[in-house]
**Student:** 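Take a look at this one; I'll ask things after.
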Amino acid sequence: MNATHASRYRETYARWQADPIEFWREAASEIEWVKPPQVIFDAEAGVYGRWFPDASCNTCFNALDRHVRDGRGEQTALIYDSPVTGTKASYSYRELLGEVATLAAVLEDLGVGKGDRVIIYMPMIPEAAFAMLACARIGAVHSVVFGGFAAKELATRIDDARPKVILTATCGIEPTRIVEYKPLLDGAIALAAHKPETCVVLQRPQADASMHVTRDRNWRALVASATASGRQADCVEVAATDPLYVLYTSGTTGRPKGVVRDNGGHMVALKWTMENLYGVKPGEVFFTASDVGWVVGHSYIVYGPLLHGATSVLYEGKPVGTPDPGAFWRVISEHKAVAMFTAPTAFRAIRKEDPQATHLARYDLSHFRTLFLAGERADPDTLKWAEEVLKVPVIDHWWQTESGSCMVGNPVGLELLPVKHGSPTVPLPGYDVHCLDEAGKPVSAGTMGAIVVKLPLPPGALPTLWQDDERFRQSYLTAFPGYYNTSDAGYIDEDGYVFIMGRTDDIINVAGHRLSTGGMEEVLASHPAVAECAVVGIRDALKGEQPCGFIVLKSGVTQSPAEVEKELVALVRDKIGPVAAFKLAVTVARLPKTRSGKILRATMKKIADGEDYVMPATIDDPAVLDEIGEVLRARVAT
Ligand code: COA
Ligand code: AMP
């Protein structure tokens, strides 16, 4: 690493290492607290300690009221740009505060108070952000569920979070179809054991919804009535350690993990990243093309930019097809975004349709400074292409729903470190990243191992899983005592650059969406014709990975394999949702197993990807691997 270039990063990281308490005390001074923290970290509290245990605050106050009070009232806070509906709108900080305080009053009138959960099942419209901030305002805990999930997934989240109220809209809009949310919501509530008291439904012009007489309320009517009577809710004081939200993410089974984010640490962490990592200043425009249903949307469409007094773009569209592969360039140019954040898959999609980037010539991007990529491994090819066409630094950075913000990145705001393609660069303050072998011993530079973070995790990272400390310990803290297990594998090179190569569990990453193959296997196994199954993520040129289900039929099944495979594709779409992108089910005579009966998924993946593999020493019958190879070759040929 070049010493002069590295100095500001090194100095900052060393300062954190030398005195983390002082480092976070200083970062916390950027937040306006109701009761400022005296104690920065209590190592005895919570599962591994708690940050700012004696402080109190309100996240919405810091995101909105504070800026209006301090003179940003007329600055644009949120830009809504929706090519799928042909709509654009913008909200100043003052207007956004008005919308949020009114919706918060509506929630209060529905009986929602501090600590109550509210599920938000909404498309990418401004009201989704109003809803999140309204919950934050009154101390309610929101749980946003991505619109691409089906009724059963939503039902699981309803049963775990037990919301008092669910906020939804009549539909989401995909380029090829209208996704009606209300039937999915009704289906989920019918499946769930817990029943919410009220559902508030936002009527969109693209779809109507039938309303349950006693349970469902019309969003616009409630807001109009609160506005007419001048009802606005005040900010409620919450403990810094109180949860701001629960966001469910794929675990190794069909039961998702409820990642908890607390109020205080989250604000401190996000505020720090806006300037130091992303190099964005208050008043500048930040464009994150993700979805509010993912952690990236929580942190960098809603909370991060607003806590920082920046302007955020909420984009309801795709990188291609809405209407063309110049869509991102238009948004950057039109709204004068200085930085953009998306997943590499979006750039693969743009490159596939416009390899010469001809659409770029139509737009002025002279103000654009940096592109940030995360959510999946950024393949060096795509990264180089983006650098060449955009002529700005392209920064890969690595994080997880659990961390809530970046763990390993190139801190552009501090100093742009030399980019090594294939590496998200270096650990940020707060993250003491190590690479260990299976026995928990550090491996040498350049050797693959498990990527782990020394405890405690910093402010903003999950303190636990929703009402399940034990699952939190089991999932993350037991494999390597004293460390948080990221379940990612990779290596650290001699310059301290971290390379993330893939997951060590059965999570796969499809188009930047995190999915559980275990969850898909549960669905496949529920089909009456299926005796056994295994789902693996196989390489896909656009989406990085795509799920492939290998199935063994029960003897005596009269349906043809093709019929069963078609039903399985439909079943996964119905039970998990279109986001699972499950399109490939392959019938095989038997699955490869070890002598102790463990299915050899990793070897199947290698065969499907056309990679060389070593015959596992413990395999029961090596001939099965040839059979699988033959079936796959026949499938590719058709
Ligand atoms: N509501 C309902 N359905 C949704 C949805 C939503 N919010 N988001 C996606 N889907 C559907 C899609 O319509 C698609 O359905 P189909 O099988 O009928 O075609 C399915 O889920 C799979 O979606 P996806 O994997 O996203 O594929 P795609 O072909 O629609 O789009 C890309 C491919 C690359 C353009 C798209 O994945 C993309 O823009 N990715 C950006 C990555 C991103 O935002 N990641 C978030 C983390 S940073
Ligand atoms: P999610 O929780 O949905 O954000 O997914 C987190 C997972 O995505 C990580 O554990 C990684 O496996 C993967 N991931 C995210 N960002 C990167 C990155 N920059 N490089 C490699 N993998 C990444």
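Counting starts at 1 for both ligands and their atoms, following the listed order.
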**Student:** With a 4.5 Å cut-off on side-chain heavy atoms, are Thr504 and Asp488 touching?
**Tutor:**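 No, their side chains stay 4.5 Å or more apart.
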**Student:** For the aromatic rings, using the six-membered ring if either is Trp, is the centroid distance between Phe146 and His513 under 6.0 Å?
**Tutor:**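 Between Phe146 and His513, the centre distance is under 6.0 Å.
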**Student:** For Thr249 and ligand 2, does the shortest N/O to N/O distance drop below 3.5 Å?
**Tutor:**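 In fact, backbone or side chain, Thr249 has no N or O that close.
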**Student:** Among Gly147, Ala511, Gly321, Gly317, which residue places a heavy atom closest to atom 37 (O) of ligand 1?
**Tutor:**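 The residue whose heavy atom sits nearest atom 37 (O) of ligand 1 is Ala511.
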**Student:** Select the closest option to atom 28 (P) of ligand 1 among Glu174, Glu353, Lys543, judged by heavy-atom distance.
**Tutor:**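 It is Lys543 whose heavy atom sits nearest to atom 28 (P) of ligand 1.
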**Student:** Among protein heavy atoms, which sits nearest to atom 5 (O) of ligand 2, and what does the distance come to when rounded to 0.1 Å?
**Tutor:**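 Heavy-atom neighbour on the protein nearest atom 5 (O) of ligand 2: Arg514 CD, 3.5 Å.
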**Student:** Check each atom of ligand 2 against the heavy atoms of Ile500 and keep those under 4.0 Å away; list them by number with element.
**Tutor:**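 Per the distance check, 21 (C), 22 (N).
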**Student:** Salt bridge or not for Glu522 and Lys152, using N-O below 4.0 Å?
**Tutor:**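 Lys152 and Glu522: not salt-bridged.
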**Student:** Compute both the distance and the angle, then confirm whether Arg157 meets the cation-pi test with Phe149: under 6.0 Å from the six-membered ring centre, within 45 degrees of the axis.
**Tutor:**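 Flagged: Arg157 positioned over aromatic ring of Phe149.
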**Student:** Tell me which part of His397 gets within contact of ligand 2: side chain, backbone, both or neither, using heavy atoms under 4.0 Å.
**Tutor:**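 The answer is the backbone.
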**Student:** Could you check atom 9 (C) of ligand 2 against the protein and tell me its nearest heavy-atom contact, residue, atom and distance included?
**Tutor:**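 Among all protein heavy atoms, the one nearest atom 9 (C) of ligand 2 is Asp488 OD2, 3.2 Å.
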**Student:** Tell me whether atom 9 (C) of ligand 1 lies less than 4.0 Å from at least one protein heavy-atom position.
**Tutor:**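 Under 4.0 Å from atom 9 (C) of ligand 1, at least one protein heavy atom found.
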**Student:** Considering non-hydrogen atoms of the protein only, which is the closest contact for atom 30 (O) of ligand 1, and what is the distance?
**Tutor:**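 Checked against all protein heavy atoms, atom 30 (O) of ligand 1 sits closest to Lys318 NZ, 3.7 Å.
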**Student:** Can you tell me the protein heavy atom closest to atom 16 (N) of ligand 2 and the distance?
**Tutor:**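 Checked against all protein heavy atoms, atom 16 (N) of ligand 2 sits closest to Gly375 N, 3.1 Å.
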**Student:** Taking only heavy atoms of Lys583 into account, list the atoms of ligand 1 that are under 4.0 Å away from them.
**Tutor:**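 Listed by number with element, the hits are 17 (O).
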**Student:** So, does Pro578 sit close enough to ligand 1 that a heavy atom of it is under 4.0 Å from the ligand?
**Tutor:**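 Checking ligand 1 against Pro578, which is what was asked, there is a heavy-atom contact under 4.0 Å.
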**Student:** Does one side chain, of Thr273 or Tyr300, offer a donor that lies under 3.5 Å from an acceptor on the other?
**Tutor:**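 Their side chains do contain a donor-acceptor pair, which is all the 3.5 Å distance test asks for.
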**Student:** Counting only heavy atoms closer than 4.0 Å, does ligand 1 sit against the backbone of Arg348, its side chain, both, or neither?
**Tutor:**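 Neither; nothing of Arg348 gets under 4.0 Å from ligand 1.
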**Student:** Could you tell me whether the side chain of Thr345 and the main chain of Gly512 form a donor-acceptor pair under 3.5 Å?
**Tutor:**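 Not a single qualifying donor-acceptor pair exists.
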**Student:** Within less than 4.0 angstrom of ligand 1, does Pro319 place any heavy atom?
**Tutor:**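 True for this residue.
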**Student:** For atom 2 (C) of ligand 1, tell me which residue out of Gly544, Pro325, Gly148 has the closest non-hydrogen atom.
**Tutor:**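 Nearest heavy atom to atom 2 (C) of ligand 1 lies in Gly148.
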**Student:** Might you work through the ring pair (Phe, Tyr, Trp, His ring centres under 6.0 Å) test for His434 and Phe480, ending with a clear yes or no?
**Tutor:** CA-CA 11 Å; His434 295 259; Phe480 300 101; over 10 Å; no
**Student:** So, for atom 5 (C) of ligand 1, does the protein have a heavy atom nearer than 4.0 Å?
**Tutor:**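 Yes, at least one protein heavy atom sits under 4.0 Å from atom 5 (C) of ligand 1.
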**Student:** Would Asp540 and Lys583 pass as an ion pair if we require N to O under 4.0 Å?
**Tutor:**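 No, Asp540 and Lys583 are not salt-bridged.
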**Student:** Taking 4.0 angstrom as the limit and counting only heavy atoms of Arg377, give me the atoms of ligand 2 inside it, by number and element.
**Tutor:**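 Heavy-atom distances to Arg377 below 4.0 Å select 20 (N), 21 (C), 22 (N), 23 (C).
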**Student:** Do you see a donor-acceptor pair shorter than 3.5 Å between the side chains of Thr288 and Tyr278?
**Tutor:**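 Their side chains do not contain a donor-acceptor pair, so the 3.5 Å distance test is not met.
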**Student:** With respect to Tyr497, which candidate in Val408, Leu417, Asn410, Ile492 satisfies the side-chain contact (heavy atoms from CB on, under 4.5 Å) definition?
**Tutor:**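 Option passing the side-chain contact (heavy atoms from CB on, under 4.5 Å) with Tyr497: Leu417.
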**Student:** Does any N or O atom in Thr342 lie less than 3.5 angstrom from one in ligand 1, N or O only?
**Tutor:**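 By distance alone, the answer is no.
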**Student:** Using a distance threshold of 4.0 Å (strictly less than), state whether atom 48 (S) of ligand 1 has a protein heavy-atom neighbour.
**Tutor:**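 Given the 4.0 Å limit, the answer for atom 48 (S) of ligand 1 is yes, a protein heavy atom qualifies.
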**Student:** For Ser290, is at least one N or O under 3.5 Å away from an N or O on ligand 1?
**Tutor:**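 Ser290 vs ligand 1: no N/O contact under 3.5 Å.
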**Student:** Check whether more than 12 heavy atoms from other residues, nucleotides or ligands sit under 6.0 Å from atom NZ of Lys606, and answer yes or no.
**Tutor:**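 Counting neighbours around NZ of Lys606, 12 or fewer heavy atoms of other residues, nucleotides or ligands fall under 6.0 Å, so no.
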**Student:** So which bit of Thr401 gets within less than 4.0 Å of ligand 2, heavy atoms only: side chain, backbone, both or neither?
**Tutor:**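 Both backbone and side chain.
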**Student:** With heavy atoms under 4.0 Å as the rule, classify the contact between Met124 and ligand 1 as side chain, backbone, both or neither.
**Tutor:**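 No part of Met124 comes within reach of ligand 1.
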**Student:** Hey, does Tyr13 have a side-chain heavy atom less than 4.5 Å from the side chain of Val426?
**Tutor:**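 Not in contact.
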**Student:** Would you call Glu545 and Arg377 a salt bridge, using N to O less than 4.0 angstrom?
**Tutor:**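 Judged by the 4.0 Å cut-off on N to carboxylate O distance, Glu545 and Arg377 do not form a salt bridge.
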**Student:** N/O of Trp294 under 3.5 Å from N/O of ligand 1, yes or no?
**Tutor:**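 By distance alone, the answer is no.
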**Student:** Examine Tyr181 against ligand 1 and note whether any of their N/O atoms are separated by less than 3.5 Å.
**Tutor:**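 No, since none of the N or O atoms of Tyr181 sits under 3.5 Å from an N or O of ligand 1.
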**Student:** Mark up the atoms of ligand 2 that fall under 4.0 Å of a heavy atom belonging to Asp396, in ascending order.
**Tutor:**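 The list of qualifying atoms is 18 (C), 19 (N).
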**Student:** Indicate yes or no: does Lys318 engage Glu174 in a salt bridge with an N to O separation below 4.0 Å.
**Tutor:**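 Yes, Lys318 and Glu174 are salt-bridged.
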**Student:** Do any nitrogen or oxygen atoms of Thr486 lie less than 3.5 angstrom from nitrogen or oxygen atoms of ligand 2?
**Tutor:**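 For ligand 2, there is no N or O atom that lies under 3.5 Å from one belonging to Thr486.
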**Student:** Less than 6.0 Å separating the ring centroids of Tyr245 and His266?
**Tutor:**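 They qualify: ring centres under 6.0 Å apart.
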**Student:** Would you check whether Pro424 has a nitrogen or oxygen atom less than 3.5 angstrom from a nitrogen or oxygen atom of ligand 2?
**Tutor:**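 It does not: no N or O of Pro424 is found under 3.5 Å from an N or O of ligand 2.
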**Student:** Would you say Glu376 touches ligand 1, if touching means a heavy atom closer than 4.0 Å?
**Tutor:**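 No, Glu376 has no heavy atoms under 4.0 Å from ligand 1.
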**Student:** Which is it for Arg503 and ligand 2 at heavy atoms under 4.0 Å: side chain, backbone, both or neither?
**Tutor:**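 Contact part for Arg503 vs ligand 2: side chain (C-beta onward).
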**Student:** Are the side chains of Tyr248 and Thr156 in contact, using a 4.5 Å heavy-atom criterion?
**Tutor:**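 Of all side-chain heavy-atom pairs linking Tyr248 with Thr156, none is under 4.5 Å.
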**Student:** How far is atom 26 (O) of ligand 1 from its nearest protein heavy atom, and which residue and atom is that?
**Tutor:**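 That would be His513 NE2, 3.4 Å.
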**Student:** What do you reckon, does Val510 put a non-hydrogen atom under 4.0 Å from ligand 1?
**Tutor:**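 Val510 does not count as a contact of ligand 1 under the 4.0 Å cut-off.
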**Student:** At what distance is the nearest protein heavy atom to atom 16 (P) of ligand 1, and which residue and atom is it?
**Tutor:**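 It is Arg573 NH1, 3.7 Å.
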**Student:** Find out whether Phe368 and Trp329 are in side-chain contact, i.e. whether some heavy atom of one side chain is under 4.5 Å from a heavy atom of the other.
**Tutor:**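 In short, these two side chains do not touch, never coming nearer than 4.5 Å.
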**Student:** Backbone, side chain, both or neither: what part of Trp399 comes under 4.0 angstrom of ligand 2, heavy atoms only?
**Tutor:**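 For Trp399, only backbone atoms sit under 4.0 Å from ligand 2.
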**Student:** State whether the side chain of Asp324 and the backbone N or O of His359 hold a donor-acceptor pair below 3.5 Å, judged by distance alone.
**Tutor:**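 No, Asp324 side chain to His359 backbone: no donor-acceptor pair under 3.5 Å.
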**Student:** For Phe341, is the nearest heavy atom under 4.0 Å from an atom of ligand 1?
**Tutor:**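 False for this residue.
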**Student:** Any side-chain heavy-atom pair from Arg204 and Ile173 closer than 4.5 angstrom?
**Tutor:**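 Answer yes - side chains close enough.
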**Student:** With a cut-off of 4.0 Å, which atoms of ligand 1 are near a heavy atom of Val179?
**Tutor:**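 Checking each atom against Val179, I get 2 (C).
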**Student:** When you measure from atom 18 (C) of ligand 2 to every protein heavy atom, which one gives the shortest distance, and what is it?
**Tutor:**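 Checked against all protein heavy atoms, atom 18 (C) of ligand 2 sits closest to Glu376 O, 3.3 Å.
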**Student:** Using a 4.0 Å cutoff against the non-hydrogen atoms of Asn509, which atoms of ligand 2 qualify?
**Tutor:**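 Taking each heavy atom of Asn509 in turn, ligand 2 has 8 (O), 13 (C) under 4.0 Å.
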**Student:** I need the atoms of ligand 1 closer than 4.0 Å to a non-hydrogen atom of Val579, numbered in the order shown.
**Tutor:**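 That gives atoms 21 (O) of ligand 1.
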**Student:** Touching ligand 1 at all, Ala289? Heavy atoms, strictly under 4.0 Å?
**Tutor:**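 Yes.
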**Student:** Taking NZ, NE, NH1 and NH2 as the nitrogens, is one of them in Arg348 or Glu376 under 4.0 Å from a carboxylate oxygen of the other?
**Tutor:**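 Yes, this pair counts.
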**Student:** Where is the nearest protein heavy atom to atom 34 (C) of ligand 1: which residue, which atom, and how far?
**Tutor:**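 Minimum-distance protein heavy atom for atom 34 (C) of ligand 1 reads Thr345 OG1, 3.6 Å.
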